[in-house]
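By convention in this document, chain letters (A, B, ...) are assigned in the order of the sequence lines, proteins followed by strands, and residues within each chain are numbered from 1. Just so you know, these numbers use all the heavy atoms, side chains as well, and skip hydrogens, waters and symmetry mates.
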Amino acid sequence: MNKPEPSASADSAGLPNGSGAAAILAAGIGSFMVALLAIAADNFTSLKSQLNFYKPSGPLSGVTTAAVVVWLIAWGILELRWRSRTIALGRINAVALFLLGMSLLLTFPPIADLF
Amino acid sequence: MEITARSLWTLVHGMGFGALYLLACSGVLVELCRRYSPKSESPISPRDERFLTVYLIAMAVLAWITVLTGTYIIYPWYRAVAPAGTVNLAGFPQMLLKSSPDTIGWHSLGMEWKEHVAWLVPISITMAAVVFARYGRNLRSQPQLRAAVLCFTLTSFLAAGIAGFFGAMLVKNAPVEGGRVIHLMHGE
């Protein structure tokens with residue numbers, strides 16, 4: 001006879017959304033950093049050479065590594081601050097989705113080349 | 001029938017990891033839209049919840065493998081610089097594309113967009129996997145969390161689609177070739 005499986009997660013009451021909010025906002029920040037650093041590396045020669053972490057891949061290696069590091073640091077800090085709190089998620093979502101939308105637009109070369 | 005090592009890597013990166021990611025996206029979008037909707041009344045068992053958690057983690061792993069192989073294995077072959085005086089640019093895809101006004105757009109728009117937009121995919125889907133692993137069925141009663149996970153997953157699908165499309169067109173116009181030749185089978 002099969003035993004009933006235990007519940008995998010707690011009820012939503014008492015489960016603060018802070019952890020989720022931290023992950024969402026950090027993902028928006030990380031995505032935006034990819035676009036921002038790519039544009040910055042294109043415009044500043046010194047930054048471009050500094051971001052050349054792995055020569056065969058060129059500045060792309062530094063742009064993406066730096067963006068991932070910023071994303072993880074932002075996530076860690078926000079997680080520590082918000083994990084046990086309930087956050088007004090509407091505003092966090094709006095900011096994160098704005099950053100995500102901007103990163104999609106700013107990685108598009110005809111728009112990136114405007115800067 | 002033979003294939004070069006570089007072609008094989010490109011195939012594994014695009015048709016293996018990338019295409020599999022795109023296929024997996026449709027499944028998770030349907031699950032999140034239907035089963036985890038606040039309006040849905042069908043029960044979600046812990047087994048269903050575990051399945052989607054593992055599914056999302058597998059997608060995140062796929063996304064990371066795809067961008068890492070693309071950036072650190074295939075991209076260096078793509079942007080290799082030909083020695084001065086080289087006439088045949090077949091082994092130097094970026095230079096080959098830039099050598100003609102008919103193909104330069106595949107590099108200046110296609111590759112320039114693909115190499116950056118692809119990195120939004122692992123960031124977005126890792127977030128979705130972690131949030132789902134933490135909240136699971138509770139996303140039904142946290143519609144704003146679910147909406148954010150859905151939007152980021154949808155964006156990752158779009159970004160992977162852009163990268164996949166341009167990847168396919170780049171391979172069509174200037175394939176990454178070279179390296180050891182692998183004999184797959186002998187023809188009759």
Side-chain angles (χ1 to χ4, degrees), chain A residues 4-13 15 17 19-35 37-39 42 54-58 60-61 63-65 67-68 71-72 75 79 83 87-90 92-93 96-97 100-101 103-104 106-113, chain B residues 44-50 53 67-68 70-73 75-80 105 108-149 151-152 155-156 158-159 162:
Chain A
E5 291 189 76
S7 173
S9 56
D11 290 326
S12 60
L15 188 61
N17 65 10
S19 228
I24 290 162
L25 185 56
I29 293 169
S31 301
F32 187 68
M33 285 308 294
V34 173
L37 286 169
I39 290 173
D42 253 5
Y54 177 62
K55 210 175 171 189
S57 298
L60 179 64
S61 58
V63 165
T64 53
T65 305
V68 167
W71 164 52
L72 294 175
W75 193 352
E79 171 71 21
R83 66 182 163 195
I87 305 290
L89 203 55
I92 298 296
N93 274 0
L97 292 174
L100 184 65
S103 56
L104 260 184
L106 291 175
T107 51
F108 184 54
I111 294 176
D113 291 344
Chain B
I44 300 167
S45 71
R47 192 177 170 180
D48 295 337
E49 205 174 44
R50 267 200 305 275
T53 302
V67 293
L68 289 172
T71 302
Y72 292 99
I73 296 175
Y75 188 56
W77 294 329
Y78 170 82
R79 70 192 292 271
S108 59
L109 191 131
M111 181 49 107
E112 294 278 344
W113 197 11
K114 169 188 164 64
E115 71 189 35
H116 294 117
V117 83
W119 278 84
L120 308 187
V121 179
I123 293 174
S124 298
I125 204 67
T126 301
M127 181 282 280
V130 169
V131 171
F132 188 84
R134 173 126 171 81
Y135 293 91
R137 78 188 70 169
N138 293 316
L139 286 181
R140 264 191 186 170
S141 52
Q142 304 241 22
Q144 288 180 318
L145 272 182
R146 174 180 159 273
V149 169
C151 285
F152 271 83
T155 305
S156 86
L158 179 66
I162 292 167

### Task
Identify the two heavy atoms, one from A/Leu100 and one from B/Cys151, that lie closest to each other, and give their separation to 0.1 Å.
CD2-O, 4.5 Å
### Option that, when pairs with chain A are counted at under 4.5 Å, heavy atom only, ranks first among B/Glu112, B/Met127, B/Arg79
B/Arg79
### Message
Within this structure, what is the OG1-CH2 distance for the pair B/Thr126 and A/Trp75, rounded to the nearest 0.5 Å?
### Response
6.5 Å
### Summary
Heavy-atom closest pair (A/Arg83 atom, B/Arg134 atom, distance to 0.1 Å) is O-NH2, 4.1 Å
#### Entry: Options B/Val67, B/Val131, B/Leu120, ranked by heavy-atom pairs under 4.5 Å with chain A, top entry
B/Leu120
### Query
Which heavy atom in B/Pro76 sits nearest to a heavy atom in A/Tyr54, and how many Å separate them?
CG-CE2, 4.4 Å
## Note on the structure
For B/Trp119 and A/Val68 the tightest heavy-atom approach is CZ3-CG2, 4.0 Å
## Note on the structure
So, the part of B/Ser108 with a heavy atom under 4.5 Å from chain A: the answer is backbone
## Note on the structure
Honestly, the part of B/Ile73 sitting under 4.5 Å from a heavy atom of chain A is neither
### Task
Find the one option among A/Ala22, A/Ala67, A/Ala27 whose heavy-atom pairs under 4.5 Å with chain B are most numerous.
A/Ala27
### Task
Go through the atoms of B/Val117 and report whether side chain, backbone, both or neither lie under 4.5 Å from a heavy atom of chain A.
both
### Query
Any donor-acceptor pair under 3.5 Å linking the side chain of B/Gln142 with the backbone of A/Gly20?
no
### Message
To the nearest 0.5 Å, what is the distance between CD1 on B/Ile123 and CG on A/Leu72?
### Response
8.5 Å
### Query
What part of B/Thr155 is in contact with chain A, defined as an atom under 4.5 angstrom from a non-hydrogen atom: side chain, backbone, both or neither?
side chain
### Residue pair A/Pro109 / B/Trp113: nearest heavy atoms and the distance that separates them
CD-CB, 3.5 Å
### Summary
Checked A/Leu97, A/Leu104, A/Val63, A/Thr64 vs chain B; the most non-hydrogen pairs under 4.5 Å come from A/Thr64
### Task
Would you check if the side chain of A/Asn93 reaches a backbone N or O of B/Gln144 as a donor-acceptor pair within less than 3.5 Å?
yes
### Message
Distance check, rounded to the nearest 0.5 Å: A/Asp113 atom CG versus B/Leu109 atom CG?
### Response
9.0 Å
#### Entry: Heavy-atom pair with the smallest gap, counting every atom of A/Ser57 and B/Tyr75
O-CE2, 3.2 Å
### Atom pair CD (B/Glu115) and OG1 (A/Thr107), whose distance is rounded to the nearest 0.5 Å
10.5 Å
### Summary
Applying a strict 4.5 Å limit to non-hydrogen atoms, the region of A/Phe108 in contact with chain B is both
